[in-house]
Amino acid sequence: MIRVRLHGRGGHGVKTAGRIVGSAAFHAGFHGQDAPVYGAERRGAAVASYAWIDRGPIRERGVIARPDLIVIADETLLADPASGVLAGAETATALFVNTDRVEALALPDSLRSRVIAADLTSRTLAALGRAAALSASLGAAAVRLLGAVPLDALLQAIRDELTAIGVAPTELGKNEQLARDVFALLQPLAFADTGKSLSLAAQSAPAASERTGGSMAQVGYEGVMRGTPSILSGGNSAARHTGAWRVQRPVIDPALCSRCGLCFVQCPDGVVSLDAEGYPVIDYDHCKGCLLCQRVCPVGAIHEERETRAW
Amino acid sequence: MVDGGMRKLLTGNAAAAWGARMARVDYVPAFPITPQTEIIELLSDWFGDGTLRGKFVTLDSEHSMLTAAGAAAAAGVRVFTATSSQGLVYGLELLYTLAGWRVPLVLVNVSRGLSAPITLGPDHNDVLAARDTGFLQLHAETCQEVFDFILMAYRLAESPAVSVPVLVNLDGFQLSFTREAVELPSAEQAGRFLGPFQPLHPGFRHSRPVAQGVAVLDGATYSYFRYQLHRAVENALTEFPRVAAEFAETFGRSYSPLELYRADDAELILVMIGSYATKAKAAVDRWRAAGRRVGLARLRLVRPLPVAELRRALAGRRAVGVLDQNLAPGLGGILFQEVAGAVAGMANGPAVMRSFVGGLGGKDVSDDEFDHLLSTLEAARPEDPPADVELLMTQSEWLQVARSLTVAGKEGGDHAGSS
């Protein structure tokens, strides 16, 4: 069995990418299973999806703690320990990272040799005109790295899954071409090195058990204050840097700004303030990148820049 | 698109919606709640585009939703609805009422742990809070079972010997959002198995307005009707094999109230419900490969509880462990009590029984935990002192919890994890 875990942010298409992997394997004759995991449902929040692929029935449920392949749509997640991108990475065959600067990634040295990098975002932007519509390119990357799933199964999966989420027929061809390009760009992984094989012809080895390691805990009574699920605190939402959810960054050009204050008034998150001269200042720690400010600016003083860096 | 007759990847939620679609339901009252919402979204689409004919209505709460469901079923149409967790317990009062009305309808519950603290992850405290309402309860392990059980549920609910509502349960996330291959029959095949609804109650006619009264004030009459409900639910034990046989004949998949997996010669048996049974089967296979005689007994039917089948399955075993994905504070695992009650007084009952609680709020039950559980059963002896219920949590998970408590400023606990 091969376990694939994909990570990204809400809006990247990670759920659909996982479904493309599951569907492609299913179309190729494997048993496939896929599932997304997310908490609060919102754009920009860290999300993951799973795909299991095997010759026989999948005998797992829930989390993939020990993935064979990790696919990371957004390198900024590497700087967010809470997203758990690298959980179980020690035993993974490979990590695929969507990036244009693999050498600068915040990765432990032990994992660096197993990283495969490609800039899918630029390719997606060029092919579709939208940087965050990564479903097809991410799915294609994962399927290609699996090795055992042919291109036609991948393309059928892309047509099925994108149609299911309402992608217009005119866009399907562009996504298919993007997937072909990514498929041609990457080489299949040698999963055989790990004693695993993913082939319809050969009898695959019994699935290695997914050890989470260690003995059982003995949990005792620990008192009321510790044992009550409440946190009493003053306002602390400022400590949560929701700016990490941003895909596009609004940037104000002071030379063009007329100081009308519309962005300050209209920002739904209240992250635009006015400085002493009345110029708007964006709090990037908390700006979620909705770009409403750009839309309401009457003089076109706000442009958008793609977020590509952890900050 | 031809309706059905295909094998495709479906989430448990989509499988549930397809079940309602193939049952050609007339009326769906709805209220959203994660992780169930996808079910009513799909049904809303299908009523909207004319695939399903009838009425889809959004209500202002689960309490109203269940009232509407019961009233519609009493009026003589086939009703489907779905909820989860907080929604189920918010509507709990109505579950007793609907069962008391003896109206056949199908309610899907997508299991999710109850607040507080809040979680979106699955466990069975929600659905087991409804165990004494008079609804039948079917518990799915796979997305295929979700679909199949809904068709079977209508047959059971509408059977004259039963005529009570049926709850079909699937686990949030682990099934609700997980896609796996599901065989969908053709609409013609489904129609052959489940004909049109033939209401036993008078039903509603526009030309003949009637009111339904259910007031009974004295205890003896009340006792009579409650006992009738008990017998009706019990009758499902007789009906289930009939319905299952016809289902197997039509669709080729065969279901018993209690699934036995590699249990024939097993000395150790694990009893449980729900989707984690898939992982339990993998654990049984691992132990079998190492030459150990272990097996699994999975309850598909929780109400009525198939007591006779449990007794047959557990007779003469060296040790039986029950894995509860729920926790009744002050008692332990709910199903452990029920299984222990079922085998109480047997001359050749299991020599040892052990109670485990795991997978609360969607926590994984890892291979290590299944191994620990089976090792505990293997080591258990009848002369051992009675064992308390054991919470399954790995040491690494506990250290993670302890770290979170520290971050939250909750000092003072025993971080080493010893009791």
Side-chain angles (χ1 to χ4, degrees), chain A residues 1 15 18-19 22-27 30-41 49-52 57-66 84 87 157 160-161 164 206-233, chain B residues 7-9 11 34 115-118 120-122 141 171 173-181 274-279 281-283 285-286 289 359 362-372 390-399 401-402 405 408-414 417-419:
Chain A
M1 167 149 44
K15 173 181 172 183
R19 288 189 161 196
S23 275
F26 179 68
H27 291 318
F30 290 99
H31 285 256
Q33 200 178 85
D34 54 61
V37 275
Y38 40 82
E41 296 153 34
S49 68
Y50 303 144
W52 295 260
I58 313 289
R59 307 289 290 275
E60 298 191 2
R61 295 283 178 205
V63 300
I64 291 181
R66 297 290 165 110
D160 289 356
E161 298 305 331
S209 70
E210 186 155 337
R211 300 283 165 173
T212 50
S215 53
M216 295 299 119
Q218 302 286 316
V219 182
Y221 183 67
E222 300 203 314
V224 179
M225 292 314 291
R226 183 171 158 89
T228 303
S230 60
I231 298 175
L232 303 177
S233 164
Chain B
R7 178 178 162 84
K8 60 187 293 184
L9 288 176
T11 60
T34 299
S115 184
I118 200 156
L120 299 174
E141 179 200 337
D171 293 333
F173 286 81
Q174 268 75 312
L175 288 186
S176 73
F177 296 163
T178 299
R179 293 195 317 171
E180 56 190 12
S275 61
Y276 276 151
T278 300
K279 301 188 78 167
K281 288 173 183 173
D285 287 353
R286 276 201 316 279
K363 193 189 91 60
D364 189 26
V365 180
S366 60
D367 289 352
D368 284 341
E369 284 155 280
F370 279 112
D371 288 348
H372 169 77
E390 184 178 352
L391 176 72
L392 294 180
M393 183 183 287
T394 64
Q395 193 68 31
S396 61
E397 286 171 327
W398 166 236
L399 290 173
V401 172
L405 291 171
K410 292 177 176 295
E411 299 295 346
D414 181 352
S418 65
S419 57

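The structure presented is a predicted model; accordingly, all values stated were derived computationally and were not measured. Computation of the quantities below employed the complete heavy-atom set of this structure, encompassing side-chain atoms and omitting hydrogens, waters and symmetry-equivalent molecules. We name chains A, B, ... by the order of the sequence lines, and we start the count at 1 in each one.
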> Taking only residues two or more places apart in sequence, or in another chain, which ones meet A/Y50 in a side chain to side chain donor-acceptor pair (under 3.5 Å)?
Replying inline: none
> Which atom pair, heavy atoms only, marks the closest approach of B/W398 to A/A217?
Replying inline: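 Heavy atoms of B/W398 and A/A217 come nearest at CB-CB, 3.4 Å.
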Are [X] and [Y] close enough that some pair of their side-chain heavy atoms sits under 4.5 Å apart?
| X | Y | value |
| --- | --- | --- |
| A/P229 | B/K410 | no |
| A/E60 | B/T178 | no |
| B/L9 | A/D160 | no |

> Could you state the interatomic distance from CZ (B/R286) to CZ (A/R59), rounded to the nearest 0.5 Å?
Replying inline: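 One finds 10.0 Å between CZ of B/R286 and CZ of A/R59.
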>> Does any backbone or side-chain atom of A/L232 lie under 4.5 Å from a heavy atom of chain B? Answer side chain, backbone, both or neither.
In response: neither
>> Heavy-atom cut-off 4.5 Å, strictly under: side chain, backbone, both or neither for A/S230 against chain B?
In response: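 Both backbone and side chain.
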>> With chain B as the partner, which of A/S23, A/G18, A/G22 has the greatest number of non-hydrogen pairs under 4.5 Å?
In response: A/S23
> Looking at A/H31, A/Q33, A/K15, which makes the most heavy-atom pairs under 4.5 Å with chain B?
Replying inline: A/Q33
Is chain A contacted by the side chain of [X], its backbone, both, or neither, given a heavy-atom distance below 4.5 Å?
| X | value |
| --- | --- |
| B/S176 | neither |
| B/I118 | neither |
| B/D285 | side chain |

>> The criterion is salt bridge (Lys or Arg N to Asp or Glu O under 4.0 Å); which residues satisfy it with B/E180, sequence neighbours excluded?
In response: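 Expected list: A/R61.
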> Among B/G362, B/G409, B/A408, B/S275, who wins on heavy-atom pairs under 4.5 Å with chain A?
Replying inline: B/S275
